[in-house]
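Side chains are part of it too, since the values below use all heavy atoms of this structure and drop only hydrogens, waters and symmetry mates.
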Amino acid sequence: MARIGVISMSDGRDYVHAGIADFIRTTEDHLVAALTRAGHEVVCGAAAVSDNALANSVARSVAGTDVDLTVFHYAVWAFPHFTMLAAGATPGPLLLLSNIDPVQPGMVGMLAAGGALDQIGRSHTRLWGAPDDPALIEEIGVRARAAAAVASLRGSTFGRFGGRPMGMNTAVANTDQWQRIFGIDVEEIDQWEIVRRAELADAGEAKAAREWLERHAAGVHYDGAKLTPDILERQIRSYLAVRELIAERRLDFSGIKGQPELTQYFATMDITEAFLNDPYDWNGPKETHVCATEADMDGALTMQLLKQIAGTPVLFADVRHYHADRDIWDLCNSGQHATWFAARSADPAENLAKVHLYPEVFFFPAGGASVHHLAAPGAMTLARLTRKDGDYRMQLMLGDFETYDDKTNEALMKQSTWEWPHAFARLDARAEDFLSRFGANHIHAVPGDHRAPLRAACDLLGVTLDEFTR
């Protein structure tokens, strides 16, 4: 889950500290036990902070274990300057936590410490409650997971294959701004490297992978022109080439321009993008690697943050069509959806049994397989980092993916592009609000309700939250 540091603050008078030390320790033990039961790794300070030297040494020791979030714990009244000294030795996010025991004035200690931090502009969060209250532990966990996700971005590298696709301004971000806000570097890689290395990729593995897809997919619909065994193997070799570049360049996430060069003269990247985002391929289970089509930088960044928070593959889609009669959005993009979304199963065979590989349509004369399926139903968090007047905002909403009977599903998909993957989404947003405010043509989704940690991540990043509701 997350690594959480806990440092308890105390009174600086020796005779007072001696009388409350056991109470502080007992309260801290309850807190640590509850956090551990919730699945977190907890690093405790070696002693309650009761003098200036301990404020520095204890905080440095905890910070040295690379915790995601540090909790300053106030079970009693504590000298506020201990908090200031400890905060100076704590580089990461801070959470001030007060006990609510009426005998000991821990809340007074937290407020005094929080006010002092406010005076110097040190950002922090405050919570209060019984140390074993499940709701409180969940709130701490939300903040810790958000801090871990934000920390995972810092020092990471995005691999950008190609440049701006088809004049799409929202797919291109300012690399200086990325470094300043998120701590991310951008590695520029020419798409020619995919073409060159695909020709050198293991032909035996490409053949075995093609046969694996033929065995497990619901259908591989060769047409002798846009989709042949040779073209499918070219797509698979492209996947192998990108995997090689990811390992060689130490890329944490990536995006591929694709259009128009690869889609007109080589092959589409649908197989590459789908299986990079999948938690498996023909070789078995693997770590998902976020890859955004059209080299969409802010799309990939949103997906990487969602991946770190939700721990699942992340959907990438165009907001293709709104069925006003059903209040349903068709989220559809050429082959980008990970096959995992077809059934959201840990068993790839179960997902692939719902996946068809169809020949690409007229947009893509080079041909290749489009990874067609309909996303399985369920509650979803949908989000996108967009920019307004140069400043980042997180556009966020809940939704539900829906499916219907086979005849209805087919009729709805054929109203847009049948061959591509689809998700029918009922959004917790009015259509007029969404179409008036949403700042991109691409949107991203993960199963479940992850709004709380996303809100906390925005707070930590200084990113404005733009949340849609009905």
Asker: Measure the spacing between CH2 of Trp178 and CG of Leu153 and express it to the nearest 0.5 Å.
Answerer: 9.0 Å
Asker: Report yes or no: does Gln395 contribute a side-chain atom to a donor-acceptor pair with the main-chain N or O of Gly439 at less than 3.5 Å?
Answerer: yes
Asker: Hey, is the main chain of Thr288 close enough, under 3.5 Å, to the side chain of Lys307 for a donor-acceptor pair?
Answerer: yes
Asker: Parallel under 30°, tilted from 30 to 60°, perpendicular over 60°: which one fits the rings of His372 and His422?
Answerer: perpendicular
Asker: Under 4.5 Å between any side-chain heavy atoms of Leu35 and Ile137, yes or no?
Answerer: yes
Asker: Under a 4.5 Å cut-off applied to non-hydrogen side-chain atoms, are Val195 and Tyr265 in contact?
Answerer: no
Asker: Using salt bridge (charged side-chain N to carboxylate O under 4.0 Å, His left out), reason through Glu139 and Arg143 one step at a time and then give a plain yes or no.
Answerer: CA-CA 6 Å; Glu139 285 192 75; Arg143 194 73 184 184; over 6 Å; no
Asker: May I ask you to test the Lys286-Arg243 pair for a side-chain heavy-atom distance under 4.5 Å?
Answerer: yes
Asker: Please answer whether the main-chain N or O of Leu385 pairs with a side-chain N or O of Thr302 as donor and acceptor at a distance below 3.5 Å.
Answerer: yes
Asker: Does the side chain of Thr381 come within less than 4.5 Å of Leu398's, by heavy atoms?
Answerer: yes
Asker: Tell me, yes or no, whether the heavy-atom count around Asp325 atom CG, taken from other residues, nucleotides or ligands under 6.0 Å, exceeds 12.
Answerer: yes
Asker: Going from CG on Leu352 to CH2 on Trp340, what distance comes out if it is rounded to the nearest 0.5 angstrom?
Answerer: 14.0 Å
Asker: Assess, by modelled atom type and distance only, whether the side chains of Glu261 and Trp192 contain a donor and an acceptor separated by less than 3.5 Å.
Answerer: no
Asker: Is the ring centre of Phe434 less than 6.0 Å from the ring centre of Tyr322?
Answerer: no
Asker: Carefully, step by step, assess Ser370 and Val361 under the rule side-chain contact (heavy atoms from CB on, under 4.5 Å).
Answerer: CA-CA 9 Å; Ser370 181; Val361 292; over 6 Å; no
Asker: For the residue pair Ser254 and His289, what are the closest heavy atoms and their distance?
Answerer: OG-NE2, 2.8 Å
Asker: Taking the side chain as every heavy atom from C-beta outward, state whether Leu315 and Met380 have any atom pair closer than 4.5 Å.
Answerer: no
Asker: So does Ala267 get a backbone contact from the side chain of Arg234, meaning a donor-acceptor N/O pair under 3.5 Å?
Answerer: no
Asker: Out of curiosity, Gln304 CD to Ser152 OG, how far, rounded to the nearest 0.5 Å?
Answerer: 6.0 Å
Asker: So Lys226 and Ile231, do their side chains get closer than 4.5 Å, heavy atoms only?
Answerer: no
Asker: Ring of Phe438, cation from Arg384 - is the NZ or CZ under 6.0 Å from the centre and inside 45° of the axis?
Answerer: no
Asker: Is there side-chain contact between Arg326 and Glu402, with heavy atoms separated by less than 4.5 Å?
Answerer: no
Asker: Assess the side chains of Asn351 and Thr339: does a donor N or O sit below 3.5 Å from an acceptor N or O?
Answerer: no
Asker: How long is the span from the CD1 atom in Ile140 to the CG atom in Leu97, to the nearest 0.5 Å?
Answerer: 5.0 Å
Asker: Does any N or O in the side chain of Gln177 come within less than 3.5 Å of the main-chain N or O of Gly390, such that one atom is a donor and the other an acceptor?
Answerer: yes
Asker: Could you verify whether a donor N or O on one side chain and an acceptor N or O on the other, from Tyr222 and Glu214, lie under 3.5 Å apart?
Answerer: yes
Asker: Would the distance check show the side chain of Asp252 and the main-chain N or O of Thr157 forming a donor-acceptor pair, the cut-off being under 3.5 Å?
Answerer: yes
Asker: Please determine whether salt bridge (charged side-chain N to carboxylate O under 4.0 Å, His left out) holds for the pair Arg249 and Glu188, giving the CA-CA distance in whole Å, both sets of side-chain angles, and the decisive distance to 0.1 Å.
Answerer: CA-CA 10 Å; Arg249 306 289 182 94; Glu188 301 282 355; over 6 Å; no
Asker: If you apply the rule side-chain contact (heavy atoms from CB on, under 4.5 Å), what do you find for Met269 with Thr293, and how did you get there?
Answerer: CA-CA 8 Å; Met269 293 293 104; Thr293 197; 6.0 Å; no
Asker: Answer yes when Glu138 and Arg145 have at least one side-chain N-carboxylate O distance shorter than 4.0 Å, and no when they do not.
Answerer: yes
Asker: Return yes if a side-chain donor-acceptor contact under 3.5 Å exists between His337 and His373, otherwise no.
Answerer: no
Asker: Just do the salt bridge (charged side-chain N to carboxylate O under 4.0 Å, His left out) check on Arg126 and Asp118 with the steps written out, would you?
Answerer: CA-CA 12 Å; Arg126 303 179 198 178; Asp118 285 343; 2.8 Å; yes
Asker: With heavy-atom distances below 4.5 Å as the criterion, would you say the side chains of Leu374 and Phe424 are in contact?
Answerer: yes
Asker: Looking at CG of Asp391 and OG1 of Thr386, how far apart are the two atoms once the value is rounded to the nearest 0.5 Å?
Answerer: 11.0 Å
Asker: Please evaluate residues Ile443 and Trp329 with respect to the criterion side-chain contact (heavy atoms from CB on, under 4.5 Å), reporting the C-alpha separation (whole Å), side-chain torsions for both, the decisive distance (0.1 Å), and the verdict.
Answerer: CA-CA 11 Å; Ile443 195 167; Trp329 301 82; over 6 Å; no
Asker: Consider only side-chain N and O atoms of His442 and Asp318, and report whether a donor and an acceptor are under 3.5 Å apart.
Answerer: yes
Asker: Would you call the rings of Phe275 and Trp212 parallel, tilted or perpendicular if under 30° counts as parallel and over 60° as perpendicular?
Answerer: perpendicular
Asker: Between Asn333 and Phe316, is a side-chain contact (heavy atoms from CB on, under 4.5 Å) present by the stated rule, with each step listed?
Answerer: CA-CA 8 Å; Asn333 186 279; Phe316 179 114; 3.8 Å; yes
Asker: Give a yes or no answer on whether the side chain of Asp278 reaches the backbone of Ala338 with a donor-acceptor pair at less than 3.5 Å.
Answerer: no
Asker: When rounded to the nearest 0.5 angstrom, what is the spacing between CD in Gln308 and NE2 in His450?
Answerer: 13.0 Å
